[in-house]
Q: 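Here it is: the structure, laid out below.
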Amino acid sequence: MMTELAKSLKLSDQPVIKKILDENGTKVLAIGLKRGVELTEHVAPCKAKLLVIKGEIDFNTNSESRRYACYESYDIPINLKHSVVAWDDAIFLLFLNTKK
């Protein structure tokens with residue numbers, strides 16, 4: 001699945017998203033962004049953790065921008081409006097806990 005995502009990434013000017021897991025209130029998504037491609041502004045409606053596994057991304061909010069490189073992670077606050085832009089071709093995992 002990750003190899004397929006990496007190949008799709010090279011050909012796409014849009015985010016490439018693959019669901020890895022969705023059970024018992026936990027979702028794991030793999031998201032690939034080609035350099036310069038943006039995951040447009042949105043909010044995390046539940047607990048979320050981002051883990052970069054390839055490349056570098058910029059995590060942007062209204063007040064700041066942070067760069068995360070391979071193997072770095074970030075706990076995304078609930079309801080934080082943000083966007084993600086690939087600094088380099090990037091793949092990151094998004095862990096979502098939808099349990100109330």
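Side-chain atoms are counted along with the backbone in the values below, which use heavy atoms only and exclude waters and symmetry mates.
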Q: Run the side chain to side chain contact (heavy atoms under 4.5 Å, CB included) check on Lys18 and Leu29 step by step: do they pass?
A: CA-CA 6 Å; Lys18 301 286 183 188; Leu29 302 175; over 6 Å; no

Q: Do Asp89 and Lys54 have side-chain heavy atoms sitting under 4.5 Å apart?
A: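 Yes, their side chains come closer than 4.5 Å.
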
Q: Can you find a pair of side-chain heavy atoms, one from Ile76 and one from Lys49, that are under 4.5 Å apart?
A: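 Ile76 does not reach Lys49 side chain to side chain.
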
Q: To the nearest 0.5 Å, what is the distance between OG1 (Thr40) and CD (Gln14)?
A: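 With rounding to 0.5 Å, OG1 (Thr40) is 9.0 Å from CD (Gln14).
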
Q: Count I, L, V, M, F, W, Y as connected when their side-chain heavy atoms are under 4.5 Å apart, and connections chain through other members. Are Leu96 and Leu21 then in the same cluster?
A: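 Not linked; separate clusters.
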
Q: Check the pair Ile31 / Leu39 against side chain to side chain contact (heavy atoms under 4.5 Å, CB included), numbers first and verdict last.
A: CA-CA 9 Å; Ile31 302 173; Leu39 186 58; 4.2 Å; yes

Q: Verify the cluster assignment for Trp87 and Val16: are they in a single hydrophobic cluster under the rule of side-chain heavy atoms below 4.5 Å apart?
A: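 No: no chain of side-chain contacts under 4.5 Å links Trp87 to Val16.
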
Q: State the NZ-OG1 distance between Lys27 and Thr98, to the nearest 0.5 angstrom.
A: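 Rounded to the nearest 0.5 Å, the NZ-OG1 separation comes out at 6.5 Å.
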
Q: Can you check whether Phe59's main-chain N or O pairs, donor with acceptor, with Arg66's side chain at less than 3.5 Å?
A: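 Flag not set: sc Arg66 to bb Phe59 has no pair under 3.5 Å.
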
Q: Before you tell me yes or no, could you show the steps for His82 and His42 under side chain to side chain contact (heavy atoms under 4.5 Å, CB included), namely the whole-Å CA-CA distance, both residues' side-chain angles and the distance that decides it to 0.1 Å?
A: CA-CA 6 Å; His82 64 279; His42 60 284; 3.0 Å; yes

Q: May I ask you to test the Leu50-Leu93 pair for a side-chain heavy-atom distance under 4.5 Å?
A: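 No, side chains not in contact.
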
Q: For the atom pair OG (Ser73) and CD1 (Ile53), what is the distance rounded to the nearest 0.5 Å?
A: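 Those atoms lie 13.0 Å apart.
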
Q: How long is the straight-line distance from CG of Asp88 back to CD1 of Ile91, given to the nearest 0.5 Å?
A: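 Ile91 atom CD1 to Asp88 atom CG measures 12.0 Å (nearest 0.5 Å).
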
Q: When you compare the side chain of Val85 with that of Leu33, does any pair of heavy atoms fall below 4.5 Å?
A: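 Side chain of Leu33 against side chain of Val85, heavy atoms only: no contact under 4.5 Å found.
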
Q: What about Val84 and Ile20, same hydrophobic cluster or not, with Ile/Leu/Val/Met/Phe/Trp/Tyr joined at side-chain heavy-atom distances under 4.5 Å?
A: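 No, it is not one cluster - the side chains of Val84 and Ile20 are not joined through contacts under 4.5 Å.
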
Q: Can a donor-acceptor pair be found, under 3.5 Å and without considering hydrogens, that links the side chain of Ser8 to the backbone of Glu4?
A: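 Such a contact is found between Ser8 side chain and Glu4 backbone.
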
Q: For the residue pair Asp13 and Lys34, establish whether any side-chain heavy-atom pair is separated by less than 4.5 Å.
A: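 Result yes, sub-4.5 Å side-chain heavy-atom pair found.
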
Q: Strictly by modelled atom types, are Thr26 and Asn97 linked by a side-chain donor-acceptor pair under 3.5 Å?
A: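 Their side chains do not contain a donor-acceptor pair, so the 3.5 Å distance test is not met.
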
Q: Do Val37 and Arg35 have side chains that approach each other closer than 4.5 Å (heavy atoms only, starting at C-beta)?
A: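 No, every pair of side-chain atoms sits at 4.5 Å or beyond.
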
Q: Nearest 0.5 Å please: distance from the CG atom of Leu94 over to the CG atom of Leu51.
A: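 If I round to the nearest 0.5 Å, the distance is 10.0 Å.
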
Q: Could you tell me whether the side chain of Thr3 reaches within less than 4.5 Å of the side chain of Lys7, counting heavy atoms only?
A: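 Yes; the side chains approach each other to less than 4.5 Å.
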
Q: Check Pro77 against Ala44 and note the closest heavy-atom contact, atom names and distance.
A: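 So the minimum-distance heavy-atom pair works out to O-CB, 4.1 Å.
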
Q: Evaluate the side-chain proximity of Phe92 to Ile57: yes if any heavy-atom separation is below 4.5 Å, no if none is.
A: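 Yes, at least one pair of side-chain atoms sits under 4.5 Å.
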
